[in-house]
There are 2 protein chains.
Amino acid sequence: MKNNYCNHPKAILLLLLMWWVVPGQAQNNKKSTKDQQLIRKMYDLSLTQPKAYEWLDFLCNKIGGRLAGSPQAAAAVEFTRQVMDTLGVDRVFLQDVMVPHWVRGDKEIGKIVNSQKIGSQEVRVCALGNSVGTGGQGIAAEVVEVKNFDELRKLGKGLVQGKIVFFNRPFDNTKIATFRAYGGAVNQRGSGASEAAKLGAIGMVVRSMTGRIDDYPHTGSLRYQLNVPKIPAVAISTKGAELLSSLLKDDRKLKFYFRTTCKMLKEKKSYNVVGELKGTQYPDEIIVVGGHLDSWDTGDGAHDDGAGVVQSMDVLRLIKAAGIKPKRTIRAVMFMNEENGLRGGRKYAELAAQNKEKHIAALESDAGGFSPRAIGINNDFKKFAKVQKWAKLFAPYGVQLRQGGGGADIGPLRTQGVTIMGLSPDGQRYFDYHHTETDTFDKVNPRELQLGAAAMATMVYLLAEYGL
Amino acid sequence: MKNNYCNHPKAILLLLLMWWVVPGQAQNNKKSTKDQQLIRKMYDLSLTQPKAYEWLDFLCNKIGGRLAGSPQAAAAVEFTRQVMDTLGVDRVFLQDVMVPHWVRGDKEIGKIVNSQKIGSQEVRVCALGNSVGTGGQGIAAEVVEVKNFDELRKLGKGLVQGKIVFFNRPFDNTKIATFRAYGGAVNQRGSGASEAAKLGAIGMVVRSMTGRIDDYPHTGSLRYQLNVPKIPAVAISTKGAELLSSLLKDDRKLKFYFRTTCKMLKEKKSYNVVGELKGTQYPDEIIVVGGHLDSWDTGDGAHDDGAGVVQSMDVLRLIKAAGIKPKRTIRAVMFMNEENGLRGGRKYAELAAQNKEKHIAALESDAGGFSPRAIGINNDFKKFAKVQKWAKLFAPYGVQLRQGGGGADIGPLRTQGVTIMGLSPDGQRYFDYHHTETDTFDKVNPRELQLGAAAMATMVYLLAEYGL
């Protein structure tokens with residue numbers, strides 16, 4: 001749509017009625033409250049001066065993927081510190097964090113070999129984060145395909161010893177929320193290597209964590225269990241997984257080969273980056289808004305989680321630019337090492353406890369820079385009921401308030417009784433890009449990103465103004 | 001996100017709570033009703049067998065842009081007829097529609113010339129649909145920039161005669177619903193040429209209808225007023241518009257040149273394509289679900305409106321595949337010529353009146369294949385109240401029911417008292433692609449498209465089951 005119909009005044013009216021995609025913009029025909037005006041001002045600034053989007057361009061295209069311990073992670077620390085310095089906030093500071101330093105090494109090679117049907121064929125794989133490498137020669141072995149750990153254990157050592165275990169349980173695409181499909185599959189990636197190693201497997205291949213069938217392998221971290229041999233592990237693209245699985249049906253003796261030279265180096269010092277606006281009335285009550293600064297190295301970490309980082313910095317800018325003097329202290333926190341260690345999130349909570357800081361709430365954006373649909377709140381009903389009273393302030397912008405929400409980096413604060421919240425953008429596209437080379441700046445729409453920043457600024461403003 | 005945290009059972013629980021992006025899936029812990037079960041079945045089928053997405057691939061990549069009267073439009077008629085034939089519906093038929101046959105001709109040329117600053121520079125333009133061409137030599141003239149018709153009229157003949165009028169009122173990006181920004185700008189494109197011609201202008205250039213600053217000119221139709229000279233008109237990319245405007249500030253004498261060889265040919269016969277499932281109890285009560293089959297020629301008409309077409313066909317498939325025998329008659333209608341004439345929509349309504357058909361409701365999808373957020377209903381409060389009772393059936397899928405909605409093609413039915421409805425997907429990205437070469441298949445996410453099809457099938461099923 002739309003055609004010359006638009007020239008008729010009546011048709012324009014129809015058009016306006018038709019596309020009431022959000023419940024309605026702030027009404028101007030009745031006097032709006034101070035809160036409504038300030039929120040409107042922050043949204044206007046966010047949409048007309050898209051700073052988060054500009055910063056994300058730099059973070060993705062001038063820095064790129066920034067795994068903890070990498071030079072790019074150091075650049076990201078410096079970049080976000082400098083950005084927040086220019087915002088004229090009250091304080092910008094770093095928190096030392098020791099992080100694991102895992103490096104990918106050479107581009108990975110994966111091959112189906114000795115297949116009766118296709119002989120040998122390359123398939124796309126990538127090492128899982130924290131995995132050991134295969135060594136320069138790579139490894140080749142027969143393949144055992146399973147859908148879950150029960151199936152694996154039933155096979156037992158006899159059938160698994162010396163083999164490569166192939167975890168191939170797909171996303172359940174009937175889940176409306178894609179994060180649920182992810183939640184139902186991701187234990188294969190996280191724990192599969194150790195589970196396989198317990199039965200004597202020499203390598204592990206896991207179907208990529210996405211509901212799409214395509215050629216991109218999705219990385220992500222694994223966790224080795226104590227006292228279990230560490231075996232090398234790779235993710236295979238979903239197309240590769242489908243091929244391997246179909247060939248295995250006819251030829252249980254085919255072999256899989258992969259080569260990775262990834263390794264874990266010595267821990268490195270890195271940082272959380274924090275920008276602070278001091279509260280005017282209750283400076284000791286702190287509200288955190290954040291995202292994680294590290295990302296996987298395969299792409300540019302645009303949606304995961306460059307988006308959350310630049311949105312969090314933009315919250316400070318929007319609040320200042322709207323002329324708000326927050327009653328409570330607001331901190332934008334760029335957490336380091338969410339992807340393969342969560343050291344930044346843990347360190348932040350540890351320091352908060354050590355310094356006896358009083359955090360009242362923490363809001364994280366780590367589900368992509370897509371159109372915001374809700375903010376989820378994770379705490380007791382009484383606090384949720386208080387927040388829920390603000391729902392009408394969010395309604396003109398199509399954002400709902402819901403119970404249940406948070407984020408990995410702020411999870412450790414929750415154990416201190418802090419109310420945690422998460423921005424919930426539309427999640428349908430997230431696992432198209434998640435942890436792959438396609439998580440790049442061009443996949444982010446500026447309005448979707450900035451609407452998220454404005455929604456976050458709205459929540460942070462209200463928390464700073466009214467507390468919990 | 002997410003890292004090794006996922007391996008802890010507690011963390012998985014947190015994860016599930018966190019990403020409650022839609023209010024919750026259909027609960028299995030209490031007995032669900034027949035309606036809930038059928039709707040769940042249609043959603044499952046839509047997400048696991050993405051037929052609409054497959055059909056859209058063909059429509060975009062094997063047929064492409066399909067302006068009314070073009071060979072591709074004829075191919076689209078045949079393709080959708082064949083698809084619906086394979087669905088085993090009760091009847092597939094065509095409705096003859098005479099359509100305007102406008103052709104774009106050579107690739108357009110646009111240039112800023114005689115600028116003191118840059119001499120001569122090409123900028124990207126494209127002819128507006130229904131425009132006359134400039135002739136092979138093109139036209140060049142001084143430029144008058146205005147923001148609206150009032151400004152233009154104040155200039156008067158003295159300043160406009162012999163010039164090219166440049167309409168440069170941008171989208172208001174503070175509108176949350178992008179269709180509102182479009183509604184606030186599109187009269188420049190639709191009526192600008194005739195308004196300029198009344199004052200003696202020889203050509204018209206309009207800023208492209210998008211809130212983004214980029215290099216893509218956005219086509220779309222104009223409407224010449226009776227007894228006003230027809231002057232050639234082009235859309236200029238927003239980057240081009242910004243450049244032209246900034247150069248004009250210093251150099252009011254610069255000239256603009258453009259060349260178009262578009263023209264209107266003789267009307268051609270084309271068709272609406274209709275697939276029908278006969279109602280088992282009330283066959284004379286008809287429910288229409290539709291989209292428009294024609295598209296602009298610049299891109300492949302993926303979001304506008306290939307999406308609506310394939311979703312509408314998929315409604316028939318989903319209803320049949322779920323084993324539903326609809327009580328009322330359901331028609332999927334592929335309307336022809338929405339973009340530059342609306343002849344198909346008018347013809348459908350005309351035949352409905354002529355045949356004394358009783359249409360109870362019509363639902364259109366013509367706002368892109370993005371994540372569905374709502375269905376808008378345009379009719380009296382009593383009917384809306386009835387529909388609103390179904391809201392809880394849509395809630396698990398994140399779809400709201402709202403007052404105000406419809407579509408251009410079904411607009412003519414409304415004057416016959418038919419309740420009209422429109423699918424309202426998230427609109428933030430729509431005007432990135434609208435009427436440009438970038439409206440291609442790769443811009444459509446299969447889940448977003450299929451969720452829209454399932455939401456439409458849900459509404460059509462309920463209308464067929466319960467009437468209005």
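Note that the structure is predicted; figures quoted are calculated from it, not measured. Each chain gets a letter, A, B and so on, in the order its sequence line appears, and its residues count up from 1. In what follows, every heavy atom counts, from backbone to side chain, and hydrogens, waters and symmetry copies are set aside.
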Where is the tightest heavy-atom contact between A:Ile176 and B:Arg447, given as atom of each residue plus distance? O-NH2, 3.3 Å

Check A:Arg373 against B:Ser371 and note the closest heavy-atom contact, atom names and distance. NH1-CB, 4.2 Å

So how far is it from B:Asn445 CG to A:Phe370 CZ, rounded to the nearest 0.5 Å? 9.0 Å

The interface call for A:Leu451 against chain B, heavy-atom contacts under 4.5 Å, is side chain

By side-chain hydrogen bond (donor to acceptor under 3.5 Å, both in side chains), A:Gln225 pairs with (sequence neighbours left out) A:Glu195, A:Lys198

Heavy-atom contact with chain B under 4.5 Å, split by part of A:Pro170: neither

Portion of A:Asp432 that has a non-hydrogen atom of chain B nearer than 4.5 angstrom: side chain

Contacting region of B:Pro50 [heavy-atom separation from chain A under 4.5 Å]: neither

Results of side-chain hydrogen bond (donor to acceptor under 3.5 Å, both in side chains) for B:Arg429 - residues two or more places apart only: A:Glu448, B:Glu448

Gap separating the OG1 atom of B:Thr174 from the CG atom of A:Asp44, nearest 0.5 angstrom: 4.5 Å

Measuring only between side-chain heavy atoms, which start at C-beta, is B:Gln428 closer than 4.5 Å to A:Gln450? no

Going through the distances and angles, do B:Thr48 and A:Asn173 end up as a side-chain hydrogen bond (donor to acceptor under 3.5 Å, both in side chains)? CA-CA 6 Å; B:Thr48 56; A:Asn173 279 331; over 6 Å; no

